[in-house]
Structure formats: structure tokens, C-alpha cells
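Read the structure below first, then the notes.
Both backbone and side-chain heavy atoms feed into the values below; hydrogens, waters and symmetry mates do not. What you see is a predicted model; the values in this text were computed from it and never measured.
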Amino acid sequence: MADVEILIILLVVGGLLALVLTRGRGRGTTAAGQLSDAEAEARRWYDRLGGQVLNLTGSDEPSKQALADAAERYTAAGAQLDQASTAPQYRLVADTALEGLYYVRAARTAMGMDPGPALPDSADRARAGELASARTVDVEGRSVSGSPHPSARNDHYYPGGVVGGRPVPAGWYSEPWWKPMLLGGVGAVGGMMVASALVSGFGAAAIGGDAFAGDAGFDGGGFDGFGGGDLFGGW
């Protein structure tokens, strides 16, 4: 009888060990699959951006500038890809390449070409919205304009997003005023001032997006003190 009990115990222990090992292998397979999928997705967008950057030539200043920005994203994505070894890092590569493709679409549109298939949107771009009309604001003696369409004056495109916690609507601008905000530090103050002035001067009718429609997750108070008034002032 004791031998039977021992045999039953051994069978139970063996079954539990087999279950633990099987689950461990399953988790390992899932993690490896996710990493492989993330890498494939990153390379797909990176290669697509490269094909556009290497085969397109701008025909005017707006398209040339947009393609130059796309080329910068291609270079950055390539550097990130060389360093990537985890799924989050590969997703960062994909995000950088996708941003570059938004610049490509802008360049193609500026040249009167078919912009190509739609690109995946991001939460930040949806929140920031896009310019719906042309306006000009003055910030400490400097005139900054923006428009939904490119022109000789408005030849710097931005695909929309949240920079330094502040929404930058997609559109064509007279200067890349958001770049100091990307770098941070003292230089970011100038970008914040322009962002505040644009929001106050353009108004809700000129800028769409969740952040400008009373999105509770956006801290509009961050604009105070930069020359443009409260985020919602004058709406």
C-alpha cells in the first residue's frame, strides 16, 4: 500500500513540474514572438521611409524642407534601429519612421502629388489637431504665421503632436518654432511663448484637436506667463 502512495505522490509531483515547465516555455515563446513582431514592424516602416526619402526630390522650398525633415527622421530611426534590442525600443524606431513618413506625405502634397496611403495616427497627434485656417501672431516683435497649406512664407511643416507637454497643431509654419521645445532648457521658453500666442491668437476655430476641445487630460495652465494668456483665454 505504501508503494502505491509513493507512486501517486511521484506522479503528482511529476505532473506539476511538467505544468510549470510548459508554462515557462509558453511565456518565453510569447515574449520572443512579441520581440520579433516589434522588430518586423519597425523595419517595415523604416524601409518604407527610406524608399521615399531616397527617391523623392523637392520641387519648391516647402517640399524640400519637408523632405529634409523626413531624411533627419530616417537617419534617427536608423541609429535607433542599430541600438534596439527590446520591443519598446523597436516601437520607438517605428514611431520615428512614421513621423518621417508624415513629412513625406506633406512634401508630396506640396508638390501636387498623391500623398499615398493613410498612416497610423497617434494619441498625441489626435490631441494636438491641425490648423484649419491661416493666421499670424506677434511674439515680442517677431511675426509667426501658420496655415494648413504650404507657401513661400509658411514652408516649415509639423505633423502635429505634444512637445514639452504642449500641443503643436499639424500645419505649415513660417519657422520651426517648436524645435527649441524639443531640446528643452532656456531655448524652450521662446517656443512656449509662440505656442501660447498661437493658441490664444488662432482660437478654437483655427485649431482642432482634443487638447483644444477641453480635454481633461491636458494641462492648459502651463501656458500662463509666456505672453499669450491662458490657454482658453478669449475663446
(message) Testing the basics here: between A77 and V93, what is the closest heavy-atom pair and its distance to 0.1 Å?
(response) O-CG1, 3.8 Å

(message) To check you understand the geometry: which heavy-atom pair defines the closest contact between T57 and M111, and what is its length?
(response) O-SD, 3.4 Å

(request) Find the distance between CH2 (W172) and CG (L131) and round it off to the nearest 0.5 Å. (result) 12.0 Å

(request) Look up atom OG in S59 and atom CG in L67, then write down how far apart they are to the nearest 0.5 Å. (result) 9.0 Å

(message) Assess whether a salt bridge exists between R43 and D47, defined as any Lys/Arg side-chain N lying under 4.0 Å from an Asp/Glu carboxylate O.
(response) no

(message) Between D37 and Y90, is there a side-chain heavy-atom distance shorter than 4.5 Å?
(response) no

(message) For a quick test of reading the model, state the closest non-hydrogen atom pair linking P62 to P150 and the distance between them.
(response) CB-CB, 3.7 Å

(request) Kindly give the heavy-atom pair with the smallest separation between G160 and A128, and that separation in Å. (result) C-CB, 4.4 Å

(request) For Q89 and S85, indicate whether the former's side chain and the latter's backbone hold a donor-acceptor pair under 3.5 Å. (result) yes

(request) Can you measure from CD (Q52) to CZ (R108) and round to the nearest 0.5 angstrom? (result) 5.0 Å

(message) One thing to verify: whether E130 and R125 come together as a salt bridge, which I'm taking to mean a side-chain N less than 4.0 angstrom from a carboxylate O.
(response) no

(message) Side-chain heavy atoms nearer than 4.5 Å, only ILVMFWY residues, links allowed to pass through others: does that put Y157 and L56 together?
(response) no

(message) Quick check against the 3.5 Å criterion: does R73 have a side-chain atom that pairs as donor or acceptor with the backbone of D69?
(response) yes

(request) Please check if L49 and Y103 belong to a single hydrophobic cluster, counting links between Ile, Leu, Val, Met, Phe, Trp and Tyr side chain heavy atoms closer than 4.5 Å. (result) no

(message) Return the CZ to CG distance between R48 and L98, rounded to the nearest 0.5 Å.
(response) 8.0 Å

(message) Donor-acceptor pair, distance only, cut-off 3.5 Å: does the side chain of R105 make one with the backbone of P117?
(response) yes

(message) Applying a strict under-4.5 Å side-chain criterion to I, L, V, M, F, W and Y, I'd like to know whether V162 and L92 cluster together.
(response) no

(message) If I take atom CD from residue E41 and atom OG from residue S36, how far apart are they, to the nearest 0.5 angstrom?
(response) 11.5 Å

(request) Check for a donor-acceptor pair, side chain of S174 on one end and backbone N or O of N154 on the other, with a separation under 3.5 Å. (result) no

(request) Could you grab the distance from atom CD of Q80 to atom CZ of R91, nearest 0.5 Å is fine? (result) 13.5 Å

(request) Please examine the side chains of S133 and R135, heavy atoms only from C-beta on, and report whether any two atoms are closer than 4.5 Å. (result) yes

(message) If you define the side chain from C-beta out and look only at heavy atoms, does anything of W45 sit under 4.5 Å from T96?
(response) no

(request) Apply ring pair (Phe, Tyr, Trp, His ring centres under 6.0 Å) to Y173 and W178, showing your working. (result) CA-CA 10 Å; Y173 296 91; W178 54 89; 5.4 Å; yes

(request) For Y158 and Y102, run ring pair (Phe, Tyr, Trp, His ring centres under 6.0 Å): C-alpha distance rounded to whole Å, both residues' side-chain angles, the deciding distance at 0.1 Å, then the answer. (result) CA-CA 9 Å; Y158 190 73; Y102 270 95; over 10 Å; no

